[in-house]
Amino acid sequence: MVLLSCLAWGEAAHFGAGAASRRRRARHSPTGRDIAIVLLGFANRGAHPNLVNRWRARIAVRTARLLVRRGARSVRVICCGGPTKGPVPEAELLAVALRHAGWHGETVLERHSRSTWENINNVRPLLRPDELIAICSNDLRAVKARVYFARQDPSVVERLTIAANYCVGEMVLVKPLFAAVGLRKLRTLGTHHR
């Protein structure tokens with residue numbers, strides 16, 4: 001019973017974080033717009049994409065397909081992340097995972113950032129002025145990234161659009177861990193930015 005409660009709490013935390021952001025960005029229709037998907041990497045020790053980076057790549061592909069169905073003119077994916085825990089930049093591992101998940105569109109690599117703050121700082125010069133932006137990660141990290149966009153360049157916040165980060169039952173065993181870490185980090189955002 002305790003395990004089921006923990007899993008349900010993790011699911012609810014991710015759904016709640018995603019639902020709030022979806023409501024705020026519902027007004028940004030992708031119809032006829034160019035979209036940049038900002039795909040945030042996860043620490044990866046090996047030379048192959050780990051479980052979390054494969055999950056995030058699936059989120060990006062799912063988001064791209066959703067945006068195309070909703071009328072986006074073009075979609076490209078910007079993979080973010082340097083080599084934080086292993087020899088290969090997270091961005092390169094994400095690009096591999098994207099191909100395995102069925103992505104064949106434009107992919108841009110940002111290979112230097114070592115934190116979410118740096119992800120946002122380093123991706124901003126890669127964004128085109130007319131693009132809408134979808135942040136792909138787990139829901140709570142996407143919230144954190146939106147806060148960082150707002151702190152670094154508030155004008156970018158007006159260009160954020162929907163992402164298909166949440167899928168019921170997906171990665172249900174790790175969602176409680178990501179919820180606990182994500183909620184703790186969001187609580188500290190008032191005084192810390194990394």
Side-chain angles (χ1 to χ4, degrees), residues 7 10-11 13-15 17-18 21 35-68 72 74-127 131 133-146 148-149 160-182 185 194:
L7 296 178
E11 196 73 32
H14 284 269
F15 177 79
S21 64
I35 313 285
I37 291 176
V38 174
L39 177 55
L40 303 175
F42 183 78
N44 204 123
R45 294 186 188 281
H48 302 286
N50 62 23
L51 180 70
V52 176
N53 283 321
R54 293 194 306 270
W55 172 32
R56 292 182 180 178
R58 290 194 306 273
I59 290 170
V61 172
R62 182 166 70 222
T63 296
R65 291 176 178 158
L66 170 69
L67 292 167
V68 168
S74 71
V75 179
R76 65 189 184 117
V77 179
I78 305 174
C79 300
C80 299
T84 58
K85 297 286 186 185
V88 182
E90 295 166 11
E92 293 179 16
L93 296 166
L94 287 170
V96 170
L98 276 173
R99 288 192 297 275
H100 286 258
W103 176 251
H104 305 293
E106 182 182 352
T107 305
V108 177
L109 304 184
E110 183 285 298
R111 296 180 174 94
H112 304 291
S113 43
R114 302 181 64 82
S115 67
T116 308
W117 180 264
E118 289 182 10
N119 287 154
I120 302 310
N121 188 59
N122 293 341
V123 82
R124 284 172 39 232
L126 303 175
L127 299 170
E131 286 179 314
I133 303 152
I135 301 171
C136 287
S137 185
N138 67 70
D139 287 293
L140 292 157
R141 182 143 182 246
V143 170
K144 181 179 175 183
R146 287 192 291 276
Y148 288 172
F149 263 124
L160 294 175
T161 191
I162 58 168
N165 292 325
Y166 179 78
C167 182
V168 65
E170 182 179 48
M171 297 287 283
V172 68
L173 295 177
V174 299
K175 278 180 179 172
L177 174 62
F178 280 108
V181 171
K185 289 185 176 181
R194 291 184 203 282

Asker: Please find the pair of heavy atoms, one from Glu90 and one from Gly41, that lie closest to each other, and give the distance.
Answerer: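 Looking at all heavy atoms of both residues, the closest pair is OE1-C, 3.3 Å.
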Asker: Would you compute the distance between atom CD1 of Ile162 and atom CG of Leu67 and round it to the nearest 0.5 angstrom?
Answerer: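 Ile162 CD1 to Leu67 CG: 5.5 Å, rounded to 0.5 Å.
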Asker: Carefully, step by step, assess Val38 and Leu127 under the rule side chain to side chain contact (heavy atoms under 4.5 Å, CB included).
Answerer: CA-CA 9 Å; Val38 174; Leu127 299 170; 4.3 Å; yes
Asker: Identify the heavy atoms of Cys79 and Ala91 that sit nearest to each other, and give their distance.
Answerer: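 Taking every non-hydrogen atom into account, O-CB, 3.3 Å.
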Asker: Using the rule given for side chain to side chain contact (heavy atoms under 4.5 Å, CB included), can you reason through Ile135 versus Tyr148, listing the C-alpha separation, both sets of side-chain angles and the distance that settles it, and then say yes or no?
Answerer: CA-CA 12 Å; Ile135 301 171; Tyr148 288 172; over 6 Å; no
Asker: Counting N and O atoms only, with roles assigned by atom type, does the side chain of Asn165 sit under 3.5 Å from a partner on the main chain of Ile59, one being a donor and the other an acceptor?
Answerer: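 A pair under 3.5 Å: no.
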Asker: What's the spacing between Phe42 CZ and Leu94 CG if we round to 0.5 Å?
Answerer: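 Answer for the CZ-CG pair, Phe42 versus Leu94, is 11.5 Å.
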Asker: Looking at every heavy atom in both Ala142 and Ser137, which two are closest together, and how far apart are they?
Answerer: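 That closest heavy-atom pairing would be N-CB, 4.4 Å.
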Asker: Which heavy atom in Cys80 sits nearest to a heavy atom in Asn119, and how many Å separate them?
Answerer: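 Closest approach of Cys80 to Asn119: CB-ND2, 3.7 Å.
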Asker: For a 4.5 angstrom cut-off between non-hydrogen side-chain atoms, does Val75 reach Val68?
Answerer: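 When only atoms from C-beta onward are counted, Val68 and Val75 do touch, with a gap below 4.5 Å.
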Asker: Could you tell me the separation between the CG atom of Leu40 and the CG atom of Asn53, rounded to the nearest 0.5 Å?
Answerer: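 One gets 10.5 Å once the value is rounded to the nearest 0.5 Å.
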Asker: Show your working on side chain to side chain contact (heavy atoms under 4.5 Å, CB included) between His112 and Glu118 and close with a plain yes or no.
Answerer: CA-CA 8 Å; His112 304 291; Glu118 289 182 10; over 6 Å; no
Asker: Any chance you could lay out the side chain to side chain contact (heavy atoms under 4.5 Å, CB included) test for Arg56 and Asn138, step after step, and finish with the verdict?
Answerer: CA-CA 7 Å; Arg56 292 182 180 178; Asn138 67 70; 3.2 Å; yes
Asker: Between CD1 of Ile120 and NZ of Lys144, what distance do you get to the nearest 0.5 Å?
Answerer: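 With rounding to 0.5 Å, CD1 (Ile120) is 10.0 Å from NZ (Lys144).
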Asker: When rounded to the nearest 0.5 angstrom, what distance separates OG1 in Thr116 from CG in Asn121?
Answerer: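 Thr116 atom OG1 to Asn121 atom CG measures 12.5 Å (nearest 0.5 Å).
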Asker: With rounding to the nearest 0.5 angstrom, report the CD1 to OG1 distance, Ile37 to Thr63.
Answerer: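 Reported value, rounded in 0.5 Å steps: 5.5 Å.
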Asker: If we only count heavy atoms from C-beta on, is the Val61 to Val77 side-chain gap below 4.5 Å?
Answerer: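 Contact flag for Val61/Val77 side chains = no.
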Asker: Can a donor-acceptor pair be found, under 3.5 Å and without considering hydrogens, that links the side chain of Arg114 to the backbone of Pro83?
Answerer: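 Side chain of Arg114 to backbone of Pro83, a donor-acceptor pair under 3.5 Å: yes, one is there.
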Asker: Can you find a pair of side-chain heavy atoms, one from Leu39 and one from Leu98, that are under 4.5 Å apart?
Answerer: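 They are in contact (side-chain heavy atoms under 4.5 Å apart), so the answer is yes.
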Asker: Can you name the closest pair of heavy atoms from Leu109 and Ala95 and give their distance?
Answerer: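 Looking at all heavy atoms of both residues, the shortest contact is CD2-CB, 3.8 Å.
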Asker: Between the main-chain N or O of Ala164 and the side-chain N or O of Arg62, is there a donor-acceptor pair closer than 3.5 Å?
Answerer: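 Checking the backbone N and O of Ala164 against the side chain of Arg62, a donor-acceptor pair under 3.5 Å is found.
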Asker: Where do Arg54 and Pro49 come nearest, in terms of heavy atoms and distance?
Answerer: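 Smallest interatomic distance, heavy atoms only, reads NH1-O, 2.8 Å.
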